[in-house]
Amino acid sequence: QVQVVESGGGLVQAGGSRRLSCAASGLTFSSYVLGWFRQAPGKEREFVAASRRSGGTTYYADSVKGRFTISRDNAKNTVYLQMNSLKPEDTAGYYCAAVRIPPAYYSDSYYYTPATYDYWGQGTQVTVSS
């Protein structure tokens with residue numbers, strides 16, 4: 001049984017940093033794309049970042065490029081999201097998701113789409129105060 005569990009959320013002041021963690025079990029971690037999405041109240045779930053494989057291609061939403069960094073530790077079955085220079089508009093529930101690594105020719109949009117992912121965590125709340 002696959003389990004995906006996020007942690008690290010909380011309240012942070014604007015300009016501050018936070019690191020989220022996501023531990024996945026019940027799957028061959030190194031064979032999976034790990035992605036982060038977020039959802040604010042009344043809004044659709046949106047893509048934040050994804051890691052295709054350890055040391056491989058990463059993808060970022062324009063809104064977080066240069067501020068957020070996704071990384072993964074395959075030995076610990078864990079993916080991280082380092083968030084710096086946080087803004088109030090980053091306030092949302094943050095969700096980790098997993099899908100098997102697709103063929104290399106798949107377009108980038110594959111990674112940006114929530115429906116692509118097979119496994120999801122319950123989310124962790126990040127609130128950025130101004």
**OP:** Check S85 against S17 and note the closest heavy-atom contact, atom names and distance.
**Re:** N-OG, 4.4 Å

Original post:
Under a 4.5 Å cut-off applied to non-hydrogen side-chain atoms, are F68 and L81 in contact?
Top reply: yes

Original post:
When the ring planes of W120 and Y95 are compared, do they come out parallel, tilted or perpendicular, using 30° and 60° as the limits?
Top reply: perpendicular

**OP:** Any pair with a residue in residues 37-76 that passes disulfide (SG to SG under 2.5 Å), sequence neighbours left out, goes on the list, sorted by first then second residue, please.
**Re:** none

Original post:
So, do M83 and L20 sit near enough that their side-chain heavy atoms are less than 4.5 Å apart?
Top reply: yes

**OP:** Find out if a path of hydrophobic residues (ILVMFWY) with successive side-chain heavy-atom gaps under 4.5 Å connects I101 to F47.
**Re:** yes

Original post:
So, Q39 side chain and A92 main chain: donor-acceptor pair closer than 3.5 Å or not?
Top reply: no

**OP:** Report yes if some heavy atom in the side chain of V33 is under 4.5 Å from a heavy atom in the side chain of Y110; otherwise report no.
**Re:** no

**OP:** Assess whether atom CD of Q122 is packed by more than 12 heavy atoms of other residues, nucleotides or ligands within 6.0 Å.
**Re:** no

Original post:
Taking a hydrophobic cluster as the set of Ile, Leu, Val, Met, Phe, Trp and Tyr residues connected by side-chain heavy atoms closer than 4.5 Å, whether directly or through intermediates, do V99 and Y106 fall within one such cluster?
Top reply: yes

Original post:
Between Y32 and Y112, is there a shared hydrophobic cluster once you connect ILVMFWY residues whose side-chain heavy atoms come closer than 4.5 Å?
Top reply: no

**OP:** For the pair R72 (side chain) and S51 (backbone), establish whether a donor and an acceptor sit closer than 3.5 Å, ignoring hydrogens and angles.
**Re:** yes

Original post:
Would you say the ring centroid of F37 lies under 6.0 angstrom from that of Y117?
Top reply: yes

**OP:** Using a 4.5 Å cut-off on heavy atoms from C-beta on, say whether the side chain of R52 contacts that of Y111.
**Re:** yes

Subject >> Donor-acceptor pair, side chain of T113 and main chain of S109, under 3.5 angstrom >> reply: yes

Subject >> Y60 vs I70 side-chain heavy atoms within contact, under 4.5 Å >> reply: yes

**OP:** Compare every heavy atom of S30 with every heavy atom of N74, then report the nearest pair and how far apart it is.
**Re:** ND2-CB, 3.5 Å

Subject >> Test applied, side chain to side chain contact (heavy atoms under 4.5 Å, CB included); reference residue, V79; option that passes from S21, S71, C22 >> reply: C22

**OP:** Could you tell me whether D118 and R100 have a side-chain N and a carboxylate O separated by less than 4.0 Å?
**Re:** no

Original post:
Can you find a heavy atom in the side chain of R38 that is under 4.5 Å from one in the side chain of S63?
Top reply: yes

Subject >> Check: C96 and L34 side chains under 4.5 Å, non-hydrogen atoms >> reply: yes

Original post:
Does a side-chain N-to-carboxylate-O contact under 4.0 Å join D90 and K87?
Top reply: no

**OP:** Find out if a path of hydrophobic residues (ILVMFWY) with successive side-chain heavy-atom gaps under 4.5 Å connects V64 to Y59.
**Re:** no

Original post:
At their closest point, which heavy atom of T124 faces which heavy atom of G9, and how far apart are they?
Top reply: OG1-N, 3.0 Å

Subject >> Side-chain heavy atoms of Q125 within contact of T91, under 4.5 Å >> reply: yes

**OP:** Kindly write out the residues that satisfy side-chain contact (heavy atoms from CB on, under 4.5 Å) with A23, not counting sequence neighbours, or none if the list is empty.
**Re:** T78

Original post:
Between R19 and Y80, is NZ or CZ placed under 6.0 angstrom from the six-membered ring centre and within 45° of the ring axis?
Top reply: yes

